[in-house]
Structures are given as C-alpha cells and as structure tokens.
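Following: one structure in structure tokens, then a few remarks.
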Amino acid sequence: MELYVTDLSPNSRRVLAVIHHLGLEGETDIRKFNIMTGEHQTDAFRAINPNVKVPVLVDGDFRLWEANPIMIYLSDRQGAETFCPSGKRDRIEVLRWQSWEVQHFNRALGDIVWETVAKPAFGMGAPDAEKIETGQQNFRRFAAVLDDHLNGRDYVLGNDVTVADFAVGSHSALALHPQSQVPLPEFPNVQTWLHRLEGLPAWAKTAPQAPADAAE
Ligand SMILES: N[C@@H](CCC(=O)N[C@@H](CS)C(=O)NCC(=O)O)C(=O)O
C-alpha cells in the first residue's frame, strides 16, 4: 500500500495512527509531501486525488481519499473487529461520531487553533479575537455533548479504543497545546480522554515533533 500524508496534519495523523495500531507499517510505503511548498500540486498526484489533498491511500487498484473512510477501510481489511466493529449498531455509532467531529467538534476546535496556534506558528498575521470567541462558543456547545457522553466511558464507544477515538481526538495535539485557548478544563471528561488517547502507543508514535507541527 501507499499512503500520502503531510507532517502538519491531524487528518494525516489519524490515518498514520491507524497504520501503527494495526501493525501495517511494514507493508505501507509512507510518502510525505510538504504541502506548505505545494509539493503535492502535481498532475501525478491530481490523478490519484482530484481534490489534491492528503491523506490518500492506494491499495492495489483502489484509491481512497478522505481520512475517516481510509481508517475504516484499513480496519476492515485487517479484520480489526474491536477497533472498528462491524455490527450494525456499532458501525453506525462510528459513523455518527465521525460525521459529528467533522461538522461540529473539530470544526470549532480547528477555528480556535487556526487563530491561536497555526497563524502565529506560520507567521500568518495576528490572531483574530472575534473568531477565537466564536470558536470557543461553538466548542463549548459541542464539547458539552462529548463530555456528557464520556461520563462512565473510557473511550467514545465504551471500554475499547476504536477508530471513533482517533477521529474525534485527531486534533488532540492542538487542543492540548499550551497556546490553544481551547476551554478544555471546563470539560474534564474530554480532557481526561484526550490525555488517555495521547498515552496510546500508536497515537504517541504519531505525535507532532514541534509545536508548529501540530498545526493543520
Ligand atoms: N476532508 C479531508 C481533509 C483533507 C485536508 O484538508 N488535507 C489537508 C491537510 S490536513 C491538505 O491536504 N491540504 C493541502 C491543500 O489543500 O492544498 C480528509 O478528511 O481527509
């Protein structure tokens, strides 16, 4: 298999963490682009993903873009039933949390940390206080849902770590970044769960090396 990623991306991190979790490093050729210099903007890569974005997985003649489906594909390929349950009800739970994180939780989180971590790290101008405030309001709304859900659960689906944790928690390095201004202490279950995720070997192995590396 080939996996196209970039160092500066929670979307790449979540897929790389799945590769490690499933022990697929040996059979995966990991190709890193520097998206800041536009290294990915080639006709050859556009032919693989017309969106010209990473991550992308190539498995034989199957080309798959979008991080969340890649995570499910890899898990199903390996028969990782606990990590990505195939039972109707559990599979819908995985999809529910993946949709939710893209649309709500990580969108709000991303809006905050774009201003507080990414812009300063990449010299892209001063953080916009109004955007931070709006992001924090949205984050509070959705983090409250997750905080309530995590009450009495170690992981999003219950006792075991699943692809849903790697999806919902994909921005953990940014959320836990000292500059983030993400109001995590208001949501202790979310905070504890993010630290639990950071302690998992596959997640730890894919941690950004420098503060700026946490940025998208
Ligand atoms: N919805 C996509 C998002 C992919 C995405 O936004 N990738 C970013 C890196 S995190 C990218 O490749 N940006 C380069 C560009 O847009 O040129 C997914 O989940 O995979």
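As the structure is a computational prediction, the values presented were derived from the model and not from experiment. Start at 1 and go down the list; that is how both ligands and their atoms are numbered.
Ligand 1 has a nitrogen or oxygen under 3.5 angstrom from a nitrogen or oxygen of Glu66.
Counting only residues at least two apart or on different chains, the salt bridge (charged side-chain N to carboxylate O under 4.0 Å, His left out) pairs with a member in residues 124-152 are Arg140-Glu186.
Side-chain rings of Phe105 and Trp100 approach one another, their centers coming within less than 6.0 Å. Two rings, from Tyr4 and His40, have their centers 6.0 Å or more apart. With ring centers used as reference points, Trp97 lies under 6.0 Å from His149.
Atoms of ligand 1 found under 4.0 Å from any heavy atom of Ala67 (numbered from 1 in listed order, with element): 18 (C), 19 (O), 20 (O). Applying the 4.0 Å criterion to heavy atoms of Pro55 picks out, from ligand 1, the atoms 20 (O).
If you look at Val52 next to ligand 1, the close heavy atoms, those under 4.0 Å, all belong to the backbone. Only the side chain of Ile35 comes within 4.0 Å of ligand 1, counting heavy atoms alone; its backbone N, CA, C and O stay farther away.
Comparing heavy-atom distances from atom 17 (O) of ligand 1 across His40, Arg14, Met36, Lys53 singles out His40 as nearest.
For Ser9 (side chain) and Thr6 (main-chain N/O), no donor-acceptor pair under 3.5 Å exists by modelled atom type.
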